[in-house]
Protein chains: 2
Amino acid sequence: MSGSAPAPIVAVDVVIFTIDGGRMQTLLVQVPDGPCAGAWAFPGGIVGPEESLEEAARRELRARTGLRGVYLEQLRTFGDPDRDPQARVVSTAYVALIAAKTNGARRGRYADVAWVPVDRLPRLAYDHKAMARAAVERLRAKLAYTNIVYGLLPPTFTLSELQRIYEIILGRPLDRRNIRKKLLASGLLCALERQRRGAHRPAALYRFAHRRPVVVRML
Amino acid sequence: MSGSAPAPIVAVDVVIFTIDGGRMQTLLVQVPDGPCAGAWAFPGGIVGPEESLEEAARRELRARTGLRGVYLEQLRTFGDPDRDPQARVVSTAYVALIAAKTNGARRGRYADVAWVPVDRLPRLAYDHKAMARAAVERLRAKLAYTNIVYGLLPPTFTLSELQRIYEIILGRPLDRRNIRKKLLASGLLCALERQRRGAHRPAALYRFAHRRPVVVRML
DNA sequence: TCAAAAGTGTTGGCATTACACCCATGA
DNA sequence: TCATGGGTGTAATGCCAACACTTTTGA
């Protein structure tokens with residue numbers, strides 16, 4: 001059992017997505033030490049002895065954003081022996097979705113923290129480039145057959161805002177009338193009394209009937 | 001970093017599916033020792049210091065079945081602190097698909113090894129019940145939008161055999177004409193010259209154009 | 001000749017797409 | 001009043017599901 005080779009370190013990394021400024025953004029941190037010091041990476045940390053993987057991911061998420069009760073799902077586990085030059089680290093990646101403006105990126109133990117558009121990612125440490133690809137793919141795919149967009153939206157929103165989020169993530173325009181029909185027919189939305197007043201005609205506000213993941217054909 | 005708590009053990013488990021006797025079957029082993037000794041579980045093992053997770057899963061698969069070059073994909077990682085009563089074990093589960101009759105279940109370090117229909121699973125050790133559920137769900141879902149059935153079929157097969165596999169896994173009958181149209185139109189199959197002669201009218205034999213995972217709408 | 005599986009096309013319904021005009025508001 | 005985004009219905013198309021009879025073989 002306990003041979004001479006050191007036991008692998010078990011860690012989690014969290015790819016946190018938000019939509020802001022018309023773009024998909026992720027939270028990156030600067031690796032504080034080791035051979036990769038200064039490089040950008042997704043925030044992560046070692047899993048505590050009494051903690052589940054998801055708990056560790058939520059802890060890290062909370063440390064970076066101050067948020068709890070956020071949508072979080074396991075992506076996959078990266079465990080190649082040489083993925084971290086410093087030690088054998090097996091890391092389970094999670095994807096988290098948060099609404100724009102709810103976040104104030106917190107440095108904590110990191111030198112710096114930044115929201116970066118996913119189409120402008122810098123060179124990333126470890127195998128985090130592959131992690132980023134996998135996370136974006138997963139998000140795109142799951143938008144089509146689940147209601148997880150709710151994670152990216154504030155409690156109330158207009159149909160146009162919802163449509164815009166789909167368009168940003170999928171990278172293509174959607175027909176307003178068609179998507180409204182589908183969304184309203186899905187039964188997942190509740191119309192509110194209130195309206196959002198902006199520079200132009202006010203828009204009806206909606207909320208999600210439940211903020212829990214459901215598999216439903218959305219697109 | 002290295003506190004007093006022992007580092008978690010990093011392991012893999014493999015859920016091996018095959019279709020035989022008109023049923024989905026999985027390979028189970030009897031846990032050799034520890035508090036769960038005698039209970040059934042999916043075969044698994046500790047990840048070696050120089051091994052990737054997938055390599056460890058392939059090694060285990062080969063040790064149990066003698067097979068290599070098999071379809072294998074990561075399912076997810078199970079890491080609850082109390083999932084194994086004996087030690088903290090973080091285990092990444094894999095799903096493997098093999099063709100019937102290509103396997104001779106090998107005991108190795110286990111007391112016993114058996115192919116068991118997935119709808120007749122005994123009580124399983126650890127959190128392997130959840131693992132089984134997740135594996136079956138994944139397989140069902142992925143059949144619809146990828147060509148991974150090839151993993152369950154021998155090199156050549158008839159369209160009826162292919163249809164039968166879909167029916168067994170999905171648990172519902174499929175229309176012969178409709179599925180033939182889709183399969184032949186998909187361009188994934190090559191018709192062979194040979195025919196399979198059985199008790200009745202001979203059937204045309206086919207093979208897959210490539211035995212690599214491709215995302216294609218199949219159902 | 002009979003039983004059992006292989007093989008083959010057409011049709012109707014449903015879902016998806018494409019598309020254009022009027023409305024309400026703030027500036 | 002004008003610019004901007006909000007709100008709405010219909011028609012054409014393509015996709016999918018339902019459906020029955022003939023063929024070939026071994027027994």
Side-chain angles (χ1 to χ4, degrees), chain A residues 19 21-22 100 140-141 143-147 149 153-154 156-168 170-207 215-219, chain B residues 19 21-22 100 140-141 143-147 149 153-154 156-168 170-207 215-219:
Chain A
I19 307 287
R140 289 216 174 100
L143 275 192
Y145 68 93
T146 70
N147 66 342
V149 226
L153 285 161
T156 68
F157 50 87
T158 68
L159 290 185
S160 297
E161 289 166 348
L162 177 43
Q163 175 180 356
R164 187 88 188 97
I165 295 212
Y166 280 125
E167 290 179 331
I168 291 166
L170 300 178
R172 61 185 158 98
L174 299 172
D175 183 87
R176 186 149 39 108
R177 283 171 288 194
N178 291 337
I179 203 170
R180 275 168 176 256
K181 263 178 290 182
K182 251 181 282 193
L183 290 171
L184 294 175
S186 75
L188 298 170
L189 300 181
C190 295
L192 304 183
E193 299 298 311
R194 294 181 23 79
Q195 294 189 318
R196 164 151 315 162
R197 311 186 65 86
H200 302 292
R201 176 173 174 175
L205 283 174
Y206 292 83
R207 63 176 177 80
V215 301
V216 182
R217 185 169 168 126
M218 297 294 284
L219 302 177
Chain B
I19 307 287
R140 288 217 173 100
L143 274 191
Y145 68 92
T146 70
N147 66 341
V149 226
L153 285 161
T156 69
F157 50 86
T158 68
L159 290 185
S160 296
E161 289 166 347
L162 176 43
Q163 175 180 358
R164 187 87 188 100
I165 295 213
Y166 280 125
E167 290 178 330
I168 291 166
L170 300 178
R172 61 186 158 95
L174 298 173
D175 183 86
R176 186 150 36 109
R177 283 172 287 193
N178 290 338
I179 203 169
R180 276 169 176 256
K181 261 178 290 181
K182 253 181 281 193
L183 290 171
L184 295 175
S186 75
L188 298 170
L189 300 181
C190 295
L192 304 184
E193 300 297 312
R194 294 181 24 78
Q195 294 189 321
R196 165 151 313 162
R197 312 186 65 85
H200 302 291
R201 177 172 174 174
L205 282 174
Y206 291 84
R207 61 176 178 81
V215 301
V216 183
R217 186 170 166 122
M218 298 295 284
L219 304 177

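Just so we're on the same page: letters track the sequence lines, and every chain starts at 1. Any value given below was found using the heavy atoms of this structure, including those in side chains, with hydrogens, waters and symmetry copies removed.
- Within 4.0 Å (heavy atoms only), B:Ser160 reaches sugar-phosphate atoms of the nucleic acid but no base atom.
- The nearest whole Å value for the distance from the CD atom in B:Gln195 to the P atom in C:dA6 is 12 Å.
- Atom CZ of A:Arg172 and atom C1' of C:dT16 are 12 Å apart (whole Å).
- As a whole-Å value, the separation of B:Asn178 CG from C:dT8 P is 14 Å.
- Closest to the side chain of B:His200, from the set D:dG9, C:dG9, C:dA5, is C:dA5.
- Contact of the A:Tyr166 side chain with the A:Ile179 side chain is registered, since non-hydrogen atoms from C-beta on lie closer than 4.5 Å.
- Contact check, A:Arg180 against D:dG7: a side-chain N or O comes under 4.0 Å of OP1 or OP2.
- In this structure, B:Leu174 places its CG atom 17 Å from C1' of C:dG7, rounding to the nearest Å.
- Residue whose closest nucleotide on DNA chain D sits further toward the 5' end, between B:Asp175 and B:Ala199: B:Asp175.
- For the pair A:Leu189/A:Leu159, a side-chain contact is recorded, criterion being any heavy-atom separation below 4.5 Å from C-beta on.
- Distance CG (B:Leu184) to C1' (C:dA6): 13 Å, rounded to an integer number of Å.
- Rounding to whole angstrom units, CD1 of residue A:Ile179 and P of C:dT17 are separated by 10 Å.
- Within 4.0 Å (heavy atoms only), B:Arg217 reaches sugar-phosphate atoms of the nucleic acid but no base atom.
- Remark: B:Glu161 does not engage B:Arg164 in a salt bridge, criterion side-chain N to carboxylate O under 4.0 Å.
- Side-chain contact check for B:Phe157 versus B:Ile165: every heavy-atom pair is 4.5 Å or farther apart.
- Here A:Lys182 lies in heavy-atom contact (under 4.0 Å) with sugar-phosphate atoms only.
- Of the candidate nucleotides C:dA24, D:dT4, C:dT8, C:dT8 has the atom lying nearest to any side-chain atom of B:Arg177.
- Within 4.0 Å (heavy atoms only), B:Arg197 reaches sugar-phosphate atoms of the nucleic acid but no base atom.
- Counting atom types as modelled, B:Arg176 pairs a side-chain N or O with a base atom of C:dG7 as donor and acceptor under 3.5 Å.
- Spacing between atom CZ of B:Arg196 and atom C1' of D:dT25 amounts to 16 Å, rounded to whole angstrom units.
- A donor and an acceptor atom never sit less than 3.5 Å apart when one is taken from the side chain of A:Arg201 and the other from the base of C:dA24.
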